[in-house]
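Here is the structure we will look at, set down as structure tokens.
Computed over heavy atoms, backbone and side chain alike; hydrogens, waters and symmetry mates excluded. Source: prediction; values computed, not measured. First the proteins, then the strands, lettered A, B, ... as listed; each starts at 1.
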Amino acid sequence: MPELPEVEHVVRALRRAVVGRTIIATEINLPKLIAPTTPSLFKRKLKNLTITGVSRRGKFILIELGRPGALLSDAERGNRKPARQQGQVLLVHLRMTGKFLYLNSEEELPKHSHAVFYLDNERRLVFRDQRQFGIMRLAPAAQLSQTKGIAELAPEPFSEEFSVDYLREVFRRSTRSLKTFLLDQTRVLGLGNIYAVEALFRARINPFRPVNKLSAKRVARLHAAIQEVLDFAIQHIRGGFNLEEGFSYGEAFERFWQVYEREGEACVNCGTRIRRITHGGRSTYWCPRCQRR
DNA sequence: ACCCTCACCTGCACGC
DNA sequence: TGCGTGCAGGTGAGGG
């Protein structure tokens with residue numbers, strides 16, 4: 001169920017745990033996780049690759065892989081090619097329930113462990129996913145930015161490209177409602193249902209307003225609110241990332257939601273009851289007074 | 001090009 | 001206890 005802040009924490013935890021490790025073997029228990037590749041081909045491609053880095057693009061986790069020795073200094077590497085030129089990237093999207101675990105050799109595999117990476121330190125990196133929506137794909141590092149799914153993504157929310165002007169421009173060309181639009185990763189990157197709702201509350205803008213009907217002032221307020229909500233979440237997420245106990249993003253993080261899952265409760269600003277409506281199976285929460293149409 | 005609904009899955013909380 | 005319903009922090013396909 002992660003949105004950008006949770007994915008960011010998974011990336012940091014993975015980076016601390018597995019960069020420099022080599023994949024000895026791979027186990028795939030759910031072929032559709034890696035489709036259209038087959039498990040046997042996937043395993044063969046990953047075998048003996050070293051994890052050279054872990055990063056993120058939107059909600060995609062990028063596990064960078066190279067030949068062993070990719071992390072060595074130039075002198076140690078001798079005349080072998082740098083990793084970047086032959087590197088692969090394992091793209092992972094957690095979707096709703098995807099999680100990574102880092103297990104030692106005694107720990108039992110929990111239910112829904114669809115992929116297991118055996119590392120050269122007797123440990124296993126495990127991908128679990130109760131609802132089976134998550135996906136994994138291998139792509140050549142050199143073509144990452146042209147890879148389907150990555151190429152279409154909007155600019156990173158903390159990049160210079162994601163400016164008030166950018167937001168005004170994409171809003172101008174659409175009649176969709178804010179709530180729908182903010183979830184479109186090709187327009188605004190990183191928000192999911194919770195942070196979209198929270199950003200709108202913070203900006204005091206009605207979720208059902210068409211994006212092309214927003215005043216410049218409101219666009220600027222929303223732009224700030226998006227960055228603030230994401231940044232606040234990244235700063236305040238705690239727990240669930242403890243390497244000694246294995247890690248997953250999780251149930252343990254601090255909740256600071258002001259409207260999400262607060263239907264019927266008093267608005268923190270004005271005391272009005274928070275409302276909820278569902279459309280397409282997704283809940284929108286808002287304060288009818290602070291976020292008037 | 002857009003917009004909506006549904007489909008993909010499992011599991012949990014709820015009411016009867 | 002069971003069984004039906006609605007809902008869960010995501011996205012893509014397929015229809016209009």
The criterion is side-chain hydrogen bond (donor to acceptor under 3.5 Å, both in side chains); which residues satisfy it with A/Lys45, sequence neighbours excluded?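 For A/Lys45 there are no side-chain hydrogen bond (donor to acceptor under 3.5 Å, both in side chains) partners, ignoring immediate neighbours.
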
Give me the distance, rounded to whole Å, that separates [N] from [M] when you measure between the [atom1] atoms they each carry.
{"N": "C/dA13", "M": "B/dC9", "atom1": "P", "answer": "15 Å"}
{"N": "B/dT5", "M": "C/dG6", "atom1": "P", "answer": "16 Å"}
{"N": "B/dC6", "M": "C/dT5", "atom1": "P", "answer": "16 Å"}

In whole angstrom, what separates A/Arg276's CZ from C/dA8's C1'?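 Computing the A/Arg276:CZ to C/dA8:C1' distance gives 11 Å.
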
Keeping A/Lys179 on the side-chain end and A/Asn206 on the backbone end, is there a donor-acceptor pair under 3.5 Å?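 No: the side chain of A/Lys179 does not pair with the backbone of A/Asn206.
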
In terms of heavy-atom contacts, does CZ of A/Arg209 have more than 12 from other residues, nucleotides or ligands at under 6.0 Å?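 Above 12, so yes.
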
For A/Ile150, what are the other residues in its hydrophobic cluster, where any two members join if their side-chain heavy atoms are less than 4.5 angstrom apart?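 Answer for A/Ile150: A/Phe60, A/Leu62, A/Val89, A/Leu91, A/Ile135, A/Leu144, A/Leu153, A/Leu189.
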
Sub-3.5 Å pairs of nitrogen or oxygen atoms, protein against nucleotides 13-16 of chain C:
none

Bracket string, DNA chain B, 5' to 3' - pairs by Watson-Crick or G-U geometry under 3.5 Å, | interstrand: .|||||||.|||||||

Protein within reach of the bases, or only the backbone? For nucleotides 5-11 of chain B, mark each nucleotide 5' to 3' as B, S or -, using heavy atoms under 4.0 Å. ---BBBS

Produce the list of close N/O pairs, under 3.5 Å, pairing protein atoms with atoms of nucleotides 2-4 of chain B; give distances to one decimal.
unit_1 : atom_1 : unit_2   : atom_2 : d
B/dC3  : OP1    : A/Ser174 : OG     : 3.1
B/dC3  : OP1    : A/Thr175 : N      : 3.4
B/dC3  : OP1    : A/Thr175 : OG1    : 3.4
B/dC3  : OP1    : A/Arg176 : N      : 2.9
B/dC3  : OP2    : A/Arg176 : NE     : 2.8

Looking at residues at least two apart in the chain, or sitting in another chain, which of them share a side chain to side chain contact (heavy atoms under 4.5 Å, CB included) with [X]?
{"X": "A/Arg275", "value": "A/Trp286, A/Pro288"}
{"X": "A/Arg292", "value": "A/Arg289"}
{"X": "A/Lys47", "value": "none"}

Only pairs at least two apart or in different chains count here, so list each side-chain hydrogen bond (donor to acceptor under 3.5 Å, both in side chains) that has a residue in residues 135-148 of chain A.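 Non-adjacent pairs meeting side-chain hydrogen bond (donor to acceptor under 3.5 Å, both in side chains): zero.
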
Please give me every residue in residues 205-214 of chain A whose heavy atoms get under 4.0 Å of an atom in DNA chain C, ordered by residue number.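 Nothing qualifies; none.
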
Let me have the donor-acceptor pairs involving side chains of residues 222-234 of chain A, under 3.5 Å, with sequence neighbours excluded, atom names and distances please.
unit_1   : atom_1 : unit_2   : atom_2 : d
A/His223 : NE2    : A/Phe162 : O      : 2.9
A/Gln227 : NE2    : A/Pro157 : O      : 2.7
A/Glu228 : OE1    : A/Arg202 : NE     : 2.5
A/Glu228 : OE1    : A/Arg202 : NH2    : 3.1
A/Asp231 : OD1    : A/Gln235 : NE2    : 3.3

Would you call A/Arg57 and A/Glu156 a salt bridge, taking side-chain N to carboxylate O under 4.0 Å as the test?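 Looking at A/Arg57 and A/Glu156, the cut-off is met.
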
